[in-house]
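See structure below.
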Amino acid sequence: MRPQARFLLSATDERHFPPPGLPEVAFLGRSNVGKSTLLNCLLGRKLARTSNTPGRTQAVNFFEVDGRVIFADLPGYGYAEAPKAVKRGWQGLAESYLLHRESLALCFVLLDARRGWMESDLQLKAWLEAHSRPYAVVAAKSDKLNRKERNESQKAIRGAYPDGDLFWFSGLTGQGVKEIWQTIWKTTTR
Ligand SMILES: Nc1nc2c(ncn2[C@@H]2O[C@H](COP(=O)(O)OP(=O)(O)O)[C@@H](O)[C@H]2O)c(=O)[nH]1
Ligand SMILES: [Mg+2]
């Protein structure tokens with residue numbers, strides 16, 4: 001069944017984050033990897049804005065789902081051509097979110113299934129581990145790989161991430177949506 005979801009607010013500053021309450025799930029990854037697409041697929045409708053232009057979202061967008069969980073769509077990182085000030089802006093906002101958000105229950109780190117771990121993803125992963133933030137990995141745009149490419153990609157991703165949860169996700173086919181929901185409910189239901 002389609003969850004009841006509503007957009008809460010878009011925050012460009014930590015002071016504007018909604019007061020922590022419901023358990024929260026954050027979506028992290030490089031610009032254009034498919035964060036907003038995953039969010040929309042989970043919600044069954046287009047609440048989060050998707051874009052062909054990388055590096056646009058410089059805000060944390062909050063959505064309340066079924067009165068039970070909050071989704072946080074974080075700005076993308078690793079956009080090579082972004083001006084330095086924009087990069088610093090990402091670090092400031094995302095770091096303060098990840099450091100201080102007490103209601104944060106789980107992060108999904110999205111990788112482009114075709115590329116696997118890139119330098120900036122590995123930096124984020126190390127940072128999450130150093131700060132004991134639980135995360136799961138999503139290999140996004142899985143529809144762009146054939147079976148052989150997917151096997152190779154899986155090996156490469158597992159090389160740096162041997163045993164945590166790994167989901168294959170496609171916004172085109174809906175692959176992975178059910179499994180990702182199961183993990184969200186498992187992590188946020190107390
Ligand atoms: N083929 C394919 N394209 C996707 C998928 N997910 C996202 N895209 C496309 O990738 C672009 C960026 O997606 P978006 O969700 O805005 O990425 P974000 O910047 O991480 O939020 C858009 O043009 C999407 O249509 C997917 O699973 N398969
Ligand atoms: Mg987005």
Side-chain angles (χ1 to χ4, degrees), residues 3 5-12 16-17 24-65 70-83 86-87 89-95 97-98 104 106-125 127-128 135-150 152-154 157 165-181 183-184:
R6 67 186 176 105
F7 173 71
L8 282 179
L9 60 88
S10 181
T12 51
H16 303 141
F17 292 166
E24 204 156 288
V25 175
F27 297 86
L28 293 159
R30 293 165 56 83
S31 300
N32 232 33
V33 71
K35 294 177 295 297
S36 302
T37 300
L38 171 58
L39 219 132
N40 287 334
C41 272
L42 290 169
L43 299 180
R45 63 197 178 107
K46 293 204 168 139
L47 265 189
R49 219 177 286 156
T50 59
S51 156
N52 282 314
T53 327
R56 273 195 46 191
T57 330
Q58 288 301 331
V60 183
N61 294 308
F62 294 89
F63 304 86
E64 189 187 295
V65 188
I70 288 178
F71 283 1
D73 189 10
L74 266 80
Y77 53 80
Y79 180 47
E81 284 162 50
V86 174
K87 286 186 192 167
W90 185 87
Q91 285 198 327
L93 188 64
E95 270 194 31
Y97 175 86
L98 292 170
L104 179 58
L106 180 65
C107 299
F108 284 106
V109 175
L110 279 77
L111 307 177
D112 187 317
R114 297 165 295 181
R115 297 180 173 186
W117 295 105
M118 300 194 57
E119 192 53 42
S120 47
D121 305 316
L122 288 169
Q123 281 170 17
L124 171 67
K125 173 180 178 288
W127 196 95
L128 292 172
Y135 68 93
V137 173
V138 174
K141 306 191 185 182
S142 64
D143 55 274
K144 302 226 181 202
L145 301 184
N146 63 33
R147 186 181 292 261
K148 178 166 173 281
E149 291 165 334
R150 185 185 139 157
E152 284 160 9
S153 173
Q154 171 140 352
I157 292 172
D165 277 340
L166 171 61
F167 302 97
W168 295 84
F169 166 68
S170 164
L172 285 189
T173 67
Q175 182 187 23
V177 169
K178 231 172 92 186
E179 292 79 6
I180 292 170
W181 261 126
T183 293
I184 292 172

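Order of appearance sets the numbers: ligands from 1, and atoms from 1 within every ligand. Since we're looking at a predicted model, the values are computed, not measured.
For ligand 1 and L172, the ligand atoms under 4.0 Å from any heavy atom of the residue are 1 (N). The K144 neighbourhood of ligand 1 comprises atoms 1 (N), 2 (C), with distances under 4.0 Å to a heavy atom of that residue. In summary, the atoms of ligand 1 found under 4.0 Å from a heavy atom of G171, numbered by their order in the structure, are 26 (C), 27 (O). For ligand 1, the atoms closer than 4.0 angstrom to any heavy atom of S36 are 15 (O), 21 (O).
Ring pair F62/Y97 is tilted by interplanar angle, where 30° to 60° counts as tilted.
Applying the side chain to side chain contact (heavy atoms under 4.5 Å, CB included) rule to S170 yields the partners S142, D143, L172, T173, Q175; only residues at least two apart in sequence or on another chain are considered. Residues passing the side chain to side chain contact (heavy atoms under 4.5 Å, CB included) test with S10 are F7, A59, N61, sequence neighbours excluded.
Here the NZ atom belonging to K125 is positioned 13.5 Å from the OG atom belonging to S120, to the nearest 0.5 angstrom.
You'll find the side chain of E179 stays beyond 4.5 Å of the side chain of V177, heavy atoms only. Counting only heavy atoms from C-beta outward, the side chains of L98 and C107 approach each other to under 4.5 Å.
In this structure, W181 has its ring center under 6.0 Å from that of F71.
Here V33 has heavy atoms under 4.0 Å from ligand 1 in both its backbone and its side chain.
Considering backbone and side-chain N/O of D143, one or more are found under 3.5 Å from N/O of ligand 1. Some N or O of K35 is nearer than 3.5 Å to an N or O of ligand 1, by distance alone. Note: no N/O pair closer than 3.5 Å links D73 and ligand 1 by distance alone. The shortest N or O to N or O distance between G34 and ligand 1 is under 3.5 Å. Remark: ligand 1 and F169 share no N or O pair separated by less than 3.5 Å (distance only, no angle test).
Using a 4.0 Å heavy-atom cutoff, G76 is absent from the residues neighbouring ligand 1.
Of the candidates L28, L38, V137, D121, L110 forms a side-chain contact (heavy atoms from CB on, under 4.5 Å) with just one, namely L38.
Taking backbone and side chain together, S31 holds no N, O or S atom under 2.8 Å from the Mg ion (ligand 2).
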